[in-house]
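Each ligand, and each atom within it, is numbered from 1 in the order the structure gives.
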Amino acid sequence: MPPTTISSNGSADQTAVADPSGSSTQAVHGHLSQRVWQPHHALTTPITQTATYTFKNTADLCDFMEAKMWGGGQERGEYGRYGNPTVRSVEKRIAALEGGGDALLFPTGMTAVTHTLLSILPTGSHIVMTNDCYRKTRQFCNTFLTRLGIQTTQVPMGDYIALADAIRPQTRLIISESPTNPYLRVADLERVVAIARQHKRIKTIIDSTFATPINQRPLEFGIDLVIHSGTKYLGGHNDVMAGVVVGDAGLLHALRQSQGMLGGVADPHAAWLVERGLKTLALRVRQQNATAQTVARFLENHPRVARVWYPGLPSHPDHDIAKAQMSGFGGVVSFEIAPLTGEEPADTTARFIDAMTIPYIAPSLGGVESLIEQPAYMSFYELSTEERLSMGIKDNLVRFAIGIEDTADIVSDLTQALAKI
Ligand SMILES: *Cc1c(COP(=O)(O)O)cnc(C)c1O
């Protein structure tokens with residue numbers, strides 16, 4: 001799919017020249033042909049901290065309204081819920097990075113997910129979802145969407161026959177994460193698209209948060225919409241929440257219209273922080289990819305570790321597909337601590353985590369600081385071991401979200417912590 005550029009009114013300019021820049025250049029500059037000269041010769045995008053926009057006189061207002069009626073008029077702002085230049089700037093950069101016609105920024109990743117599903121799914125429709133999806137996304141489908149008469153079928157990740165079989169006449173959407181959390185399963189995007197395209201009205205969505213546009217560009221495989229939690233790698237500093245949806249300009253236009261109604265708009269200061277984070281995205285992700293690969297190999301050879309889940313390892317069930325469709329395997333490594341006789345696996349694992357000195361114990365991932373967690377306690381605390389196991393979450397599982405600290409320091413921290421158990 002040839003990259004397109006977005007004119008300031010948000011519509012895609014299909015005739016624009018493709019941007020031949022690499023991902024680092026794009027992360028810093030966005031699409032080079034869209035360079036914006038800022039007020040006061042500033043290099044950076046100003047934070048336009050305004051809730052509304054003014055009109056000089058009634059004629060000015062009428063000109064704007066007239067242009068808007070004819071589909072233009074977006075050169076300037078009208079009201080904060082309908083757009084903001086700082087937000088627009090980061091949207092264009094993310095669209096360029098993903099190779100999409102347009103992008104829409106949201107205050108959180110979950111607003112991006114819920115807004116998109118609410119906007120595109122008619123009452124009575126049906127979703128097919130892979131079972132390793134973000135837990136809150138699954139809960140949203142099983143609670144809110146069920147109330148609207150929208151049914152969801154979960155299929156095992158990696159089972160494409162089950163995926164094709166789950167499709168009903170009412171199916172409008174196939175949604176998957178890739179890679180998934182916490183087992184880093186990778187969806188075969190070509191197969192997902194091929195299954196969807198056997199039917200007329202099925203759209204495909206990939207939550208690509210764990211991959212980032214540096215490691216994977218799902219739109220190039222024919223996926224319709226890509227979603228990111230910008231809170232993770234895009235922002236990259238564990239200091240801002242954001243979400244984004246990227247795709248073709250027509251679909252994005254419809255989502256933008258409903259954003260004016262549903263009202264989940266990103267704050268300009270948050271947008272500015274995401275844009276600042278984006279400039280170092282390629283650098284950070286390459287470092288995180290490299291450290292994660294080293295850590296995964298180190299853990300796989302360690303006697304205190306029972307199993308490692310990392311798509312960059314040949315032992316991972318989706319290694320071949322990851323190698324074919326990703327240019328890096330990401331910064332998250334999941335692994336199981338080998339059980340000890342006479343101690344609950346959950347306790348051994350907790351002792352290991354508590355012995356680590358570099359990573360903080362915290363949810364989230366993708367920032368400069370390494371974070372570590374035991375999913376049994378962090379996301380599934382209220383469940384019994386048996387209930388967790390039925391959801392595929394073992395008590396000895398560790399999710400390690402690697403930051404940008406020195407690889408050698410992280411490996412020696414793991415070495416000393418594993419020696420303590
Ligand atoms: C964090 C996350 C979300 C939700 O994003 P928020 O910014 O926390 O709302 C959705 N999907 C994935 C894969 C995530 O990791």
Q. Do R307 and W309 meet the cation-pi criteria used here (NZ or CZ under 6.0 Å from the six-membered ring centre, within 45° of the axis)?
A.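 Relative to the ring axis of W309, which defines the angle, R307 lies inside both limits.
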Any donor-acceptor N or O pair under 3.5 Å, side chains [X], [Y]:
X    : Y    : value
N84  : T48  : no
S370 : E405 : yes
S315 : E300 : yes

Q.
Between F352 and F335 (judged by ring centroids, cut-off 6.0 Å), do the two rings come close enough to count as a pair?
A.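 Yes: the rings meet the under 6.0 Å criterion.
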Q.
For D318, is there an ion pair with R185 - N to carboxylate O distance below 4.0 angstrom?
A.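 A salt bridge is present here (some side-chain N lies under 4.0 Å from a carboxylate O).
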Q: Run through ligand 1 for me and note each protein residue having a heavy atom under 4.0 Å from it, chain first, then residue number.
A: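 Correct list: T108, G109, M110, Y134, E177, D207, T209, F210, S229, T231, K232, M241, A242.
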